[in-house]
Amino acid sequence: MATLNADLHCHSVVSDGTLTPEELAARAKANGVELWALTDHDEIGGQARALAAARANGLQYLTGVEISVTFANETVHIVGLGFDADDPRMLEGLEATRGGRGGRAREMASQLAAVGIPGAYEGALKYAGNPELISRTHFARFLVEVGACRDTAEVFRKFLTEGKPGYVPHRWASLKDAVQWISRSGGVAVIAHPARYKFTANEEYALFSEFKAHGGRGVEVVTGSHTAAEAVRYAGTAREFGLAASRGSDFHSPGESHTDLGQLPYLPDALTPVWHLLADRIR
Ligand code: AMP
Ligand code: MN
Ligand code: MN
Ligand code: MN
């Protein structure tokens, strides 16, 4: 059963991906995905299109979102799966979370202007299919366009990350709010790509403990953001905390993402797949 090709993490033009929900569904199907979720950042406006496209391609579907959270002064991503996409508290919460992005983007642009890269706000906005979701990814694409860097990975090394020009710290949703928006609307909350956070062992323990205490039930074990060794490590964490395991490519774009939809190892057999908790939410 863990040999289901589930891809429960990817992005469309509704946030910082470059493909439409329809293009993603077709690509997922072509890559052998059987169960799919579109998980745009802080926005569920693509869910109806994704569900329709999943149906048209014969894919099983779970609603999805990836919520930005601030925990211990670090940004953590919480994936929500199988929630009710019409839930008013979820919709209001996400709207409030998105509200800070415009001002942050203007500050990022003024820092970049100060190091000789003018016009970055307007430049990034061109890449944002959804202006409310203007993100570092869109700035990265603009910096590649103007020749400041060769690719977006280099942009994140030289700009837009802590201590580098263009990095503006931001307060996102609380862990408790994000987990509750998801679980109270019938979904399962999942800690996204846990190996990517710069936490001490104590902070990571606190993240998993508090996440569980708020009602969180899953963790990404196999993701495009984990090495094989990291997947083994977080399989252990899933067992330690009694969490179900999720699997997702975190695909953003054919040119930028090294892991394509559905093209990743299966979940280890000993773990409970997160979709076992969501059998009645699969459409
Ligand atoms: P934001 O929500 O505006 O802070 O942007 C975060 C997004 O930037 C993530 O969802 C990734 O898509 C992208 N990102 C963050 N760090 C990197 C990195 N080192 N390389 C490539 N993309 C990154
Ligand atoms: Mn992203
Ligand atoms: Mn993420
Ligand atoms: Mn993601």
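One-based numbering along the sequence shown. Counting starts at 1 for both ligands and their atoms, in listed order.
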**Item:** Per-residue contact class, R157 against ligand 1 - non-hydrogen pairs under 4.0 Å
**Value:** neither
**Prompt:** Within a radius of less than 6.0 Å around NZ of K126, do more than 12 heavy atoms belonging to other residues, nucleotides or ligands occur?
**Reply:** yes
**Prompt:** Can you list the ligand 1 atoms lying under 4.0 Å from a non-hydrogen atom of D16?
**Reply:** 7 (C), 10 (O), 12 (O)
**Asked** Do any of the N/O/S atoms of H9, backbone or side chain, fall under 2.8 Å from the Mn ion (ligand 4)?
**Response** yes
**Message:** Does only the side chain of R104 get under 4.0 Å from ligand 1, or the backbone, or both, or neither? Count heavy atoms.
**Reply:** side chain
**Asked** So, is H77 placed with an N/O/S atom under 2.8 Å from the Mn ion (ligand 4), counting both backbone and side chain?
**Response** no
**Prompt:** With a 4.0 Å cut-off on heavy atoms, is R101 touching ligand 1?
**Reply:** yes
**Item:** Ring centres under 6.0 angstrom apart (Y205, F241)
**Value:** yes
**Prompt:** Judging by distance only, is a nitrogen or oxygen of H77 under 3.5 angstrom from one on ligand 1?
**Reply:** no
**Request:** State the atom name: nearest N, O or S atom of E66 to the Mn ion (ligand 3).
**Result:** OE2
**Message:** Can you tell me which N/O/S atom of H11 has the shortest distance to the Mn ion (ligand 4)?
**Reply:** NE2
**Request:** Return yes if a side-chain donor-acceptor contact under 3.5 Å exists between E66 and H11, otherwise no.
**Result:** yes
**For the Mn ion (ligand 4): the N/O/S atom of D250 at shortest distance** = OD1
**Request:** Tell me which part of H252 gets within contact of ligand 1: side chain, backbone, both or neither, using heavy atoms under 4.0 Å.
**Result:** side chain
**Message:** Checking a contact table here: which protein heavy atom is nearest atom 19 (N) of ligand 1, and how many Å away?
**Reply:** F156 CB, 3.5 Å
**Shortest protein heavy-atom distance from atom 8 (O) of ligand 1, along with the residue and atom involved** = T137 OG1, 3.3 Å
**Message:** Please check whether W172 reaches ligand 1 - meaning an N/O of the residue sits under 3.5 Å from an N/O of the ligand, judged on distance alone.
**Reply:** no
**Pi-cation contact, Y61 with R283 (under 6.0 Å, within 45°)** = no
**Prompt:** Does ligand 1 have any atom that is closer than 4.0 Å to a heavy atom of T152?
**Reply:** no
